[in-house]
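Following: one structure in structure tokens, then a few remarks.
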Amino acid sequence: MQNRITELFKIEFPIIQGGMIWTSGWRLASAVSNSGGLGVIGSGSMYPDVLREHIKKCKKATSKPFAVNVPMLYPDIDKLMDIIIDEDVKIVFTSAGNPKTWTSFLKEKGITVVHVVSSLRFALKAQEAGVDAIVAEGFEAGGHNGRDETTTLVLIPAVKEKITIPLIAAGGIATGRAMLAAMVLGADGVQVGSRFVASEEASNHINFKEVVVNANEGDTHLTLKELAPVRLVKNKFYNEVQKAYAEGATTEELKTLLGRGRAKKGMFLGDLEDGELEIGQVSTLIHDIKPAGDIIKEMMSEFDKAKNQVSNF
């Protein structure tokens with residue numbers, strides 16, 4: 001299957017694994033890349049020396065292209081960028097910030113740059129900044145999300161109508177049917193996050209994986225918009241956040257409640273009560289934990305089947 005995304009990244013299938021904190025280490029990234037997709041190391045939860053270690057291990061585990069995701073709110077982002085240059089990473093996904101800050105620097109080094117956005121306005125800014133492709137992520141997505149709450153179904157055609165560079169759809173995509181739908185709406189490829197959380201190679205805790213495969217409709221909610229909007233599983237910590245809202249908590253009080261290391265506690269260490277558990281609405285469609293390669297095979301098989309069904313209408 002060849003299109004603008006597979007040609008841009010030199011991959012077999014237009015499936016990109018999301019660069020998620022506490023989940024997307026070298027094992028997951030290399031497994032996805034070896035299976036024909038684009039694996040992405042999520043640097044947002046890594047110290048600089050840890051990122052270097054993951055890049056080196058990923059290179060040993062796969063000869064195929066992989067990327068690094070860099071949240072632009074990272075406090076020592078210059079150190080991460082230096083490591084990316086030193087280790088000759090070819091593809092970088094930036095998120096949660098102004099793409100103008102690093103795009104030209106990275107492109108001057110010969111790096112392909114992709115920026116993650118949650119609105120048409122930011123998609124146009126990213127294109128203007130010179131990125132090579134855009135990930136447009138709808139409201140359904142897990143983790144940190146956009147403030148406008150635009151769904152994938154609306155966001156993808158709106159962005160497609162106004163940009164000329166390749167477009168990757170994200171948010172609510174865990175199946176081949178959803179992949180086909182996103183591409184019918186105008187996407188050249190898809191970014192898949194939540195489904196890979198429930199993979200054998202994902203570095204998050206087994207307790208969190210089991211929460212994902214047992215999730216039901218309505219078990220997640222977007223909250224903490226005053227800080228950075230994030231979609232969470234409803235647990236004890238989430239209930240404490242809702243209680244704080246009901247009592248009229250200030251932004252500073254919400255920051256204190258969130259504290260430090262809350263996401264690590266939940267997703268990496270497996271504390272299902274006091275931890276922050278970030279996952280998308282599509283978790284209700286995820287029912288098992290399996291190897292990343294099997295996830296890609298299953299998605300592509302379902303994609304082909306759905307495409308054939310549609311052609312018979």
Side-chain angles (χ1 to χ4, degrees), residues 5 8-9 16-30 32-33 37-59 62 65-118 122-123 125-137 141-146 165-166 168 170 189 191-193 196-197 202-204 228-230 263-264 267-268 278:
I5 285 299
L8 179 65
F9 298 140
I16 291 85
Q17 163 245 313
M20 303 163 286
I21 61 170
W22 303 116
T23 295
S24 309
W26 69 269
R27 287 186 178 87
L28 178 57
S30 61
V32 170
S33 291
L38 182 70
V40 182
I41 296 172
S43 70
S45 52
M46 297 179 180
Y47 290 115
D49 59 334
V50 175
L51 173 61
R52 189 186 295 276
E53 178 185 354
H54 277 262
I55 292 172
K56 287 181 177 295
K57 288 182 175 180
C58 198
K59 285 181 178 179
T62 183
F66 68 91
V68 173
N69 176 280
V70 182
M72 302 183 78
L73 297 176
Y74 190 95
D76 292 321
I77 190 170
D78 56 328
K79 295 180 181 177
L80 297 186
M81 293 301 188
D82 286 344
I83 289 169
I84 285 168
I85 301 302
D86 288 346
E87 296 297 333
D88 197 28
V89 174
K90 300 297 186 183
I91 307 167
V92 170
F93 283 61
T94 56
S95 59
N98 187 345
K100 289 184 178 180
T101 309
W102 287 99
T103 296
S104 60
F105 170 83
L106 292 169
K107 287 183 68 67
E108 286 170 4
K109 307 294 184 182
I111 295 172
T112 298
V113 181
V114 184
H115 192 63
V116 183
V117 303
S118 58
F122 288 122
K125 286 187 175 181
Q127 179 172 256
E128 183 183 349
V131 302
D132 296 287
I134 287 170
V135 175
E137 183 176 77
H144 291 286
N145 214 313
I165 58 179
I168 301 163
Q191 179 173 283
V192 178
F196 285 118
V197 169
S203 54
N204 50 280
V230 62
K264 179 180 181 180
M267 294 185 284
F268 191 69
E278 304 177 8

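Given the structure is predicted, the values throughout are model-derived calculations rather than measurements.
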Which pair of non-hydrogen atoms, one from [X] and one from [Y], has the smallest distance, and what is that distance?
X      : Y      : value
Glu278 : Ala263 : OE2-CB, 4.1 Å
Val197 : Ala202 : O-CB, 3.6 Å
Pro99  : Ala126 : CG-CA, 3.7 Å
Pro65  : Phe9   : CG-O, 3.3 Å
Ile5   : Ala133 : CD1-CB, 4.5 Å
Ser95  : Val116 : CB-CB, 3.9 Å

Quick check for you: to the nearest 0.5 Å, what is the distance between [X] atom [atom1] and [Y] atom [atom2]?
X     : Y      : atom1 : atom2 : result
Ile21 : Lys264 : CD1   : NZ    : 11.5 Å
Ile41 : Ser33  : CD1   : OG    : 9.0 Å
His54 : Asp49  : NE2   : CG    : 10.0 Å
Met72 : Met81  : CE    : CE    : 6.0 Å
Leu80 : Ile85  : CG    : CD1   : 11.5 Å
Ile91 : Asp132 : CD1   : CG    : 9.5 Å

Of Leu106, Ile84, Ile111, the one forming a side chain to side chain contact (heavy atoms under 4.5 Å, CB included) with Val89 is Ile84
Checking [X] side chain against [Y] main chain: does a donor-acceptor pair fall under 3.5 Å?
X      : Y      : answer
His115 : Thr94  : yes
Ser24  : Gly18  : yes
Thr23  : Asn204 : no
Glu137 : Ser118 : no

Working for side chain to side chain contact (heavy atoms under 4.5 Å, CB included), residues Trp26 and Thr62: CA-CA 10 Å; Trp26 69 269; Thr62 183; over 6 Å; no
Please examine the side chains of [Y] and [X], heavy atoms only from C-beta on, and report whether any two atoms are closer than 4.5 Å.
X      : Y      : answer
Lys90  : Asp88  : yes
Val40  : Phe196 : no
Arg27  : Lys57  : no
Lys100 : Lys125 : no
Trp102 : Val92  : no

Please say whether more than 12 non-hydrogen atoms of neighbouring residues, nucleotides or ligands are located less than 6.0 Å from [atom1] in [X].
X      : atom1 : answer
Lys59  : NZ    : yes
Lys107 : NZ    : yes
Phe105 : CZ    : yes

